[in-house]
Amino acid sequence: MIFSPFLPERFIKIESNIPLTAKEIFPKVGAVYFTFLKMKDVELNRGFLNVNVLYNEEPVCNIKFKDGTFGLTEGGFIIEETVSDGKVLICDFDSKNWSEVFRNFFLVSRKYDYLDNVTYLKNIDNGLAFFDKKDILIMMSSDDIERSFIEYVEVLKKFEDRLDNMKSIDLRYKDQAIIIWRDK
């Protein structure tokens with residue numbers, strides 16, 4: 001049987017437990033994809049003028065929403081499969097409200113190895129917020145999660161001797177941190 005190395009997207013069928021597109025799997029050459037070079041470790045089944053792609057991401061931790069517990073992949077995608085042990089990220093909202101903003105926060109907190117310091121996530125005014133291990137509420141800008149996260153870490157460093165007195169840190173405004181202190 002003859003297999004074509006170049007196929008338009010309509011001849012590429014993808015079965016995956018996460019959102020995945022042909023351009024994330026194969027290099028694009030003009031209007032077609034070069035299906036003999038994979039950019040992601042996927043299983044391929046080739047046919048005449050078609051290729052079937054099978055890909056499943058494993059969960060790296062669990063995430064508990066109001067409507068159930070799911071697995072969370074390295075890419076921050078919610079899947080049905082869960083892990084038997086490890087970190088459980090708790091959210092005070094339903095899984096349907098898991099958005100690109102929360103996914104980006106998950107990716108940033110993993111990048112900076114900070115996920116274990118997050119007690120649970122909140123959705124405040126359709127924005128990202130979380131409680132850390134010191135029971136401080138942190139509200140972040142949805143525009144640039146990484147910048148907000150770095151500002152949060154800087155605030156913690158600056159006020160490390162007063163962390164027990166912090167109630168919340170509002171980082172929703174560019175280059176500003178509004179700190180609310182606990183009553184003594």
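This is a predicted model, so every value here is computed, not measured. Excluded from the calculations below are hydrogen atoms, water molecules and symmetry mates; all remaining heavy atoms, backbone and side chain alike, are included.
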Give, for atom [atom1] of [X] and atom [atom2] of [Y], the distance between the pair rounded to the nearest 0.5 Å.
X      : Y      : atom1 : atom2 : answer
Glu57  : Ile18  : CD    : CD1   : 3.5 Å
Asp143 : Asn104 : CG    : CG    : 11.5 Å
Glu15  : Leu20  : CD    : CG    : 12.0 Å
Asp170 : Gln176 : CG    : CD    : 9.5 Å
Asp183 : Asn165 : CG    : CG    : 10.5 Å
Leu128 : Lys122 : CG    : NZ    : 12.0 Å

For this session: Would you indicate whether the side-chain heavy atoms of Tyr55 and Ile25 approach each other to under 4.5 Å?
Result: no
For this session: Would you mind reporting whether Ser141 and Lys174 have side-chain heavy atoms less than 4.5 Å apart?
Result: no
State whether the side chain of [X] and the backbone N or O of [Y] hold a donor-acceptor pair below 3.5 Å, judged by distance alone.
X      : Y      : result
Arg172 : Gly127 : no
Arg103 : Gly75  : yes
Lys87  : Val60  : no
Ser168 : Ile138 : no
Trp98  : Phe77  : no
Asn62  : Val83  : yes

What about [X] and [Y], same hydrophobic cluster or not, with Ile/Leu/Val/Met/Phe/Trp/Tyr joined at side-chain heavy-atom distances under 4.5 Å?
X      : Y      : result
Leu121 : Leu171 : yes
Leu107 : Ile78  : yes
Leu163 : Trp181 : yes
Leu44  : Phe48  : yes
Val53  : Ile79  : yes

For this session: Kindly indicate, with the supporting measurements, whether the criterion side chain to side chain contact (heavy atoms under 4.5 Å, CB included) is fulfilled by Lys28 and Glu9.
Result: CA-CA 10 Å; Lys28 193 169 185 180; Glu9 190 169 11; 5.7 Å; no
Problem set entry | Sidechain N-carboxylate O distance under 4.0 Å for Lys66, Asp92 | no
Problem set entry | Ring center gap for Phe6 and Tyr33 short of 6.0 angstrom | no
For this session: Would you please test Glu146 and Tyr112 for side chain to side chain contact (heavy atoms under 4.5 Å, CB included) and show each step?
Result: CA-CA 10 Å; Glu146 190 161 7; Tyr112 290 98; 2.6 Å; yes
For this session: Show the numbers, then the answer: is there a side chain to side chain contact (heavy atoms under 4.5 Å, CB included) between Leu137 and Lys167?
Result: CA-CA 6 Å; Leu137 172 65; Lys167 184 175 182 178; over 6 Å; no
For [X] and [Y], which heavy atoms make the closest approach, and how far apart are they?
X      : Y      : result
Cys61  : Phe106 : SG-CE1, 3.9 Å
Ile124 : Ala129 : CD1-CB, 3.6 Å
Ser16  : Asn56  : C-OD1, 4.2 Å
Thr21  : Glu24  : N-OE1, 2.8 Å
Ile136 : Arg182 : N-NH2, 4.1 Å
Phe36  : Ser4   : CE1-O, 4.2 Å

Exercise. Considering residues, nucleotides and ligands other than Lys23, do more than 12 of their heavy atoms fall under 6.0 Å from its NZ?
Worked result: no
Problem set entry | More than 12 heavy atoms from other groups under 6.0 Å of CD on Glu81 | yes
Problem set entry | Option among Leu115, Ile63, Thr82 that satisfies the side-chain contact (heavy atoms from CB on, under 4.5 Å) test with Leu72 | Ile63
Problem set entry | Side-chain donor-acceptor contact under 3.5 Å, Ser148 with Glu151 | no
List, one per line, each side-chain donor-acceptor pair under 3.5 Å for residues 152-159, sequence neighbours excluded.
from, atom 1, to, atom 2, distance (Å)
Tyr152, OH, Tyr114, OH, 2.7
Tyr152, OH, Asp132, OD2, 2.7

Problem set entry | Step-by-step side chain to side chain contact (heavy atoms under 4.5 Å, CB included) determination, Phe130 to Met140 | CA-CA 9 Å; Phe130 71 95; Met140 295 186 136; 4.0 Å; yes
Problem set entry | Worked check of side-chain hydrogen bond (donor to acceptor under 3.5 Å, both in side chains) between Asp67 and Ser95 | CA-CA 7 Å; Asp67 60 336; Ser95 59; 2.8 Å; yes
For this session: Classify the ring geometry between Phe102 and Phe93 as parallel (under 30°), tilted (30 to 60°) or perpendicular (over 60°).
Result: tilted
